[in-house]
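Proteins come first, then strands; the chains are lettered A, B, ... in the order of their sequence lines, and each starts at number 1. On a predicted model such as this, the values are computed, not experimentally measured, just so you know.
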Amino acid sequence: MVKTLIKKYYCKNTLFRCKYIFMLKKTLYASIALLLTTNVVFAQESFAPVKLKSVSGKTVNFADVAATSKDTIVVISFWATWCIPCIAELDNISDVYKEKQAIKPFKFIGVSIDDSRTSQRVKPFIAGKGWQFDVLLDINSELKRALNVTDVPHVIIIKNNKIVYRHTGYIAGEEDNLFEKIKSL
Amino acid sequence: MKKIFITVIACISIKSGFSQQLDQMIKGHLNGSYESYSQYYMQDDKIGASLPTDRDKVGSNNFLKLDYTYGKFSAGIQYESYLPSILGYYNPDQNRINQSKIANKYFKYSEEKFSVQIGDFYEQFGSGLIFRAYENRQIGINNALEGVNIYIEPTNFTKIKALYGRTRKLFDYSNSVTRGVDAEIDVTKMLSNKEHNTRISIGGSYVGRFQEYIGTIDNYPSTVDAFATRLDLNTNNFSLNAEYVSKDKDPHYFNNNSFEKGKALLINTAFTKNNFGITLTARAIYNMDFRAERATDFATQLPVNYVPALTKQHDYLTSNIYVYNAQLNLGETGFQTDVFYNFKPNTKLGGKYGTKVSANFSYYGSLNDNKDIMSVGTNKYYSDANIEVKKKFSKKFETTLALQNIYYNAAIIAGGHEDVLANVVALTSLYKYAPKKSIKVKLEHLWTKEDQGNWVSAITEFSLSSPFAFYLSDLYNYGVSGNHYYNIGGSITKNATRFSLAFGKQRAGLFCVGGVCRFVPAAYGFTATLTTSFGN
């Protein structure tokens, strides 16, 4: 019935656009089927191992960070040196960082998506800012892609090795929502 | 427009029903994202905005991506739909993309010290000067390779990457193959097992592209080989990276079939102390445009490497009128420096809430001798000197003042006639009148005696209360044309979903993201954007 409805209203003009929505559906069904079958077969879980460098050149595996944190909350904030709202958000978080840590401890990692055009600016930039939290460099957007982040700023909260919250964009004052969320989890 | 709307609704409903149940059902990680960018074009002869030549007034680029990881296995797809593509994207305008397909698909097996990926993959060697496969949806670059990508750590101080594949050419592939190997040795780890504050590593890469040549010119290369070496040094407050690339003779469309070798040298240094940071970057390049196919004639198609303009990426409308584009084929030499300083709160210059200062200077010009990338020529291409001061006066009010001086050699950068000397002043004020409610006003002015003369711009942004935000802006060229480029728009954001709608005029010019530019035609009409990310 749905098919007829779609055909009637959606495929009126061109066949090609009609093909699009059916293909989309097919793909989704296929992935759901794949997921359900794999779910029965396997039993362990971890994020895809993505290796990033810290600003001091140390290699960090994101999957390990997520797995070893267990029920401690991990906040991943995607940003870039050219992203004005990202910087406003991180500045405001940095201002109250110690105070909020005292209420409920959490891990906070700023993941810079600056590519090789601007990545060399990251280390002096954060020194100039005096940010207290760790910053990792995602120079070819590997982690950004693995976690399906489309735009920055984008915040992800991970608990017990699962993503429990995501937020995109930033408006002044929204960091309070984030801290409330951390407290409630 | 209706079709796009239905697609969007379908995606949202799939998403919301889907992700919640999956949360409980699925043991692995399923992630996805959907991004839609649509424009409705109207005619405006004054700014040169014409209707698309194919008479379809809509342009819409859509991307759906799904990735699943379970234990050591991951797989994913990317579905792309152009209904048809927005103007100036990937193809010349008379030849817009009008297709929808699964564009990328991959399967990956990864362990701690080993991984293998088959299908479409992204990768980068060093800084990307020799090889970078990446995606930039705004500019329209996706040069993922389809083939095999292997990563091995044979010892705890060695990393090796090897790849082989065809470059993605929209929904097809290049008629060439690219192969490459990259090795990196962590010298510090090799010499000692302890953790050190100083880290030194060296690396080397080989990238080769083979595209069969069946013409009649003698010695015309089918294979182009490129080699790179690099050094990275990192201490707590100092870093140095250097990379040198050489590329064999590589005649193609963009370098006018030049048989000369390509060369590039890049040096980055940075120093930090307390609340102070400084960087210095120097780069010289010649004949470094490296493409998967020789005959490619559209700037964003089939790049093998990544050579961005090393200048500051500004966030002002007027600053983005004269932007630099790296001269890959002609050759260039130059440098860029950045200084960051934070005057701490409760000091004389810091005031109660602190003052943040950043300054940047960049200069690029010709090589004296194309065979020698260390030689500095006399023809100046571009320079940009700018300073930005951000001052917080109270918890509710802060301002940012920016000054900029630009030299722009239009003949070299954009094929124009004259050199442009411009000055920009921009003042941004943010007032938070209630919790989560704010008004931002940005005023800018650009002075120049050349080209289009003076510009003035004003932007007002209202964040009424989350999730709503609105803006009004106008960019006005009162120097020559008298054209207004006004825009009005708003957005709604809920968690990781954001929808925005705007109406207005877009100036024709170079649109640059991440140092890569494409030419966007003048446009007048509506723009709707939807992005969402989901998963566990």
Side-chain donor-acceptor contact under 3.5 Å, A/Asn177 with B/Lys436: yes
Calculate, to the nearest 0.5 Å, the distance between atoms OG1 and CZ belonging to A/Thr81 and B/Phe340 respectively. 7.0 Å
Please state whether the side chain, the backbone, both or neither of B/Lys312 comes within less than 4.5 Å of a heavy atom of chain A. both
Contact class of B/Glu398 relative to chain A, heavy atoms under 4.5 angstrom: neither
With respect to chain B, which residue among A/Ala48, A/Gly128, A/Pro49 yields the maximal number of heavy-atom pairs within a distance under 4.5 Å? A/Gly128
Looking at A/Val155, A/Asp176, A/Asn61, A/Thr150, which has the largest count of heavy-atom pairs under 4.5 Å with chain B? A/Thr150
Return yes when atom NZ of B/Lys494 has more than 12 non-hydrogen atoms of other residues, nucleotides or ligands closer than 6.0 Å, and no otherwise. no
Side chain / backbone / both / neither for A/Val55 at chain B, heavy atoms under 4.5 Å: backbone
May I ask you to name which of A/Ala63, A/Pro124, A/Gly130 has the most heavy-atom pairs under 4.5 Å with chain B? A/Pro124
Please classify the contact between B/Lys105 and chain A as side chain, backbone, both or neither, with a heavy-atom cut-off of under 4.5 Å. neither
Which heavy-atom pair separates A/Ile171 from B/Phe468 by the least distance, and what is that distance? CD1-O, 4.3 Å
Determine yes or no for a side-chain-to-main-chain donor-acceptor pair under 3.5 angstrom, with A/Ser116 supplying the side chain and B/Ser127 the backbone. yes
Kindly indicate whether the side chain of B/Asn234, heavy atoms from C-beta on, has any atom under 4.5 Å from the side chain of A/Lys53. no
Between the CG atom in A/Asp91 and the NZ atom in B/Lys390, the distance rounded to the nearest 0.5 Å is 4.5 Å
Ignoring hydrogens and angles, tell me if any N or O in the side chain of A/Lys162 forms a donor-acceptor pair with the backbone of B/Gly28 under 3.5 Å. yes
What's the verdict on side-chain hydrogen bond (donor to acceptor under 3.5 Å, both in side chains) for A/Lys123 and B/Thr279, showing C-alpha distance, side-chain angles and the deciding distance? CA-CA 9 Å; A/Lys123 192 177 177 178; B/Thr279 65; over 6 Å; no
For A/Arg145, is there any backbone N or O sitting under 3.5 Å from a side-chain donor or acceptor partner on B/Lys65? yes
With a 4.5 angstrom heavy-atom cut-off, is it the side chain or the backbone of B/Asn197 that approaches chain A, or both, or neither? neither
Please report the C-alpha distance between B/Lys392 and A/Asp95 in whole Å, then the side-chain angles of each, then the deciding distance to 0.1 Å, and finally whether the salt bridge (charged side-chain N to carboxylate O under 4.0 Å, His left out) criterion is met. CA-CA 12 Å; B/Lys392 200 168 174 179; A/Asp95 285 349; 3.6 Å; yes
A side-chain contact here means heavy atoms from C-beta on lying under 4.5 Å apart; do B/Lys440 and A/Ile84 qualify? yes
Counting only heavy atoms not in B/Lys396, do more than 12 sit closer than 6.0 Å to its NZ atom? no
Give, as side chain, backbone, both or neither, the part of B/Tyr151 having an atom under 4.5 angstrom from any heavy atom of chain A. side chain
For the backbone of A/Ser56 and the side chain of B/Arg199, can you confirm whether one donor and one acceptor N or O come within less than 3.5 Å of each other? yes
Non-hydrogen side-chain atoms of B/Lys159 and A/Thr59 separated by less than 4.5 Å: yes
Ring geometry between B/His29 and A/Phe47 (parallel below 30°, tilted from 30 to 60°, perpendicular above 60°): parallel
Determine yes or no for a side-chain-to-main-chain donor-acceptor pair under 3.5 angstrom, with A/Asn148 supplying the side chain and B/Ser533 the backbone. no
Tell me yes or no: between the side chains of B/Tyr122 and A/Asn140, is some donor less than 3.5 Å from an acceptor? no
Whatever's closer than 4.5 Å to a heavy atom in chain A on B/Asn495 counts as both
Check: A/Thr168 and B/Thr497 side chains under 4.5 Å, non-hydrogen atoms: no
Quick check: do B/Thr281 and A/Gln120 have side-chain heavy atoms less than 4.5 Å from each other? yes
In Å, rounded to the nearest 0.5 Å, how long is the span from CZ of A/Arg121 to CD of B/Gln313? 9.5 Å
At a heavy-atom separation under 4.5 Å, does B/Gln124 approach chain A through its side chain, its backbone, both, or neither? both
Go through it in stages, so that I can follow the logic: the residues are A/Arg166 and B/Asn31, the test is side-chain contact (heavy atoms from CB on, under 4.5 Å), and I'd like the CA-CA distance, side-chain angles, deciding distance and then a yes or no. CA-CA 12 Å; A/Arg166 280 169 173 269; B/Asn31 269 291; 2.7 Å; yes
Cut-off 4.5 Å, heavy atoms of chain B, and the answer for A/Val164 is neither
Which portion of B/Asp338 sits near chain A, non-hydrogen atoms under 4.5 angstrom: side chain
Pair A/Arg117, B/Thr311: side-chain N/O donor-acceptor within cut-off below 3.5 Å: yes
B/Lys395 versus chain A, the contacting section by heavy-atom distance below 4.5 Å: neither
Is A/Ala80 in contact with chain B via its backbone, its side chain, both, or neither, using a 4.5 Å heavy-atom distance? neither
What part of B/Phe343 gets within 4.5 angstrom of chain A, counting heavy atoms only: side chain, backbone, both, or neither? neither
Find out whether A/Lys51 and B/Glu112 are in side-chain contact, i.e. whether some heavy atom of one side chain is under 4.5 Å from a heavy atom of the other. yes
Ignoring hydrogens and geometry beyond distance, is a side-chain donor-acceptor pair present between A/Ser46 and B/Lys72 at under 3.5 Å? no
Return the set of residues passing side-chain contact (heavy atoms from CB on, under 4.5 Å) with B/Ser438 (not counting sequence neighbours), or none when no residue passes. A/Ala172, B/Leu430, B/Lys432, B/Ser463
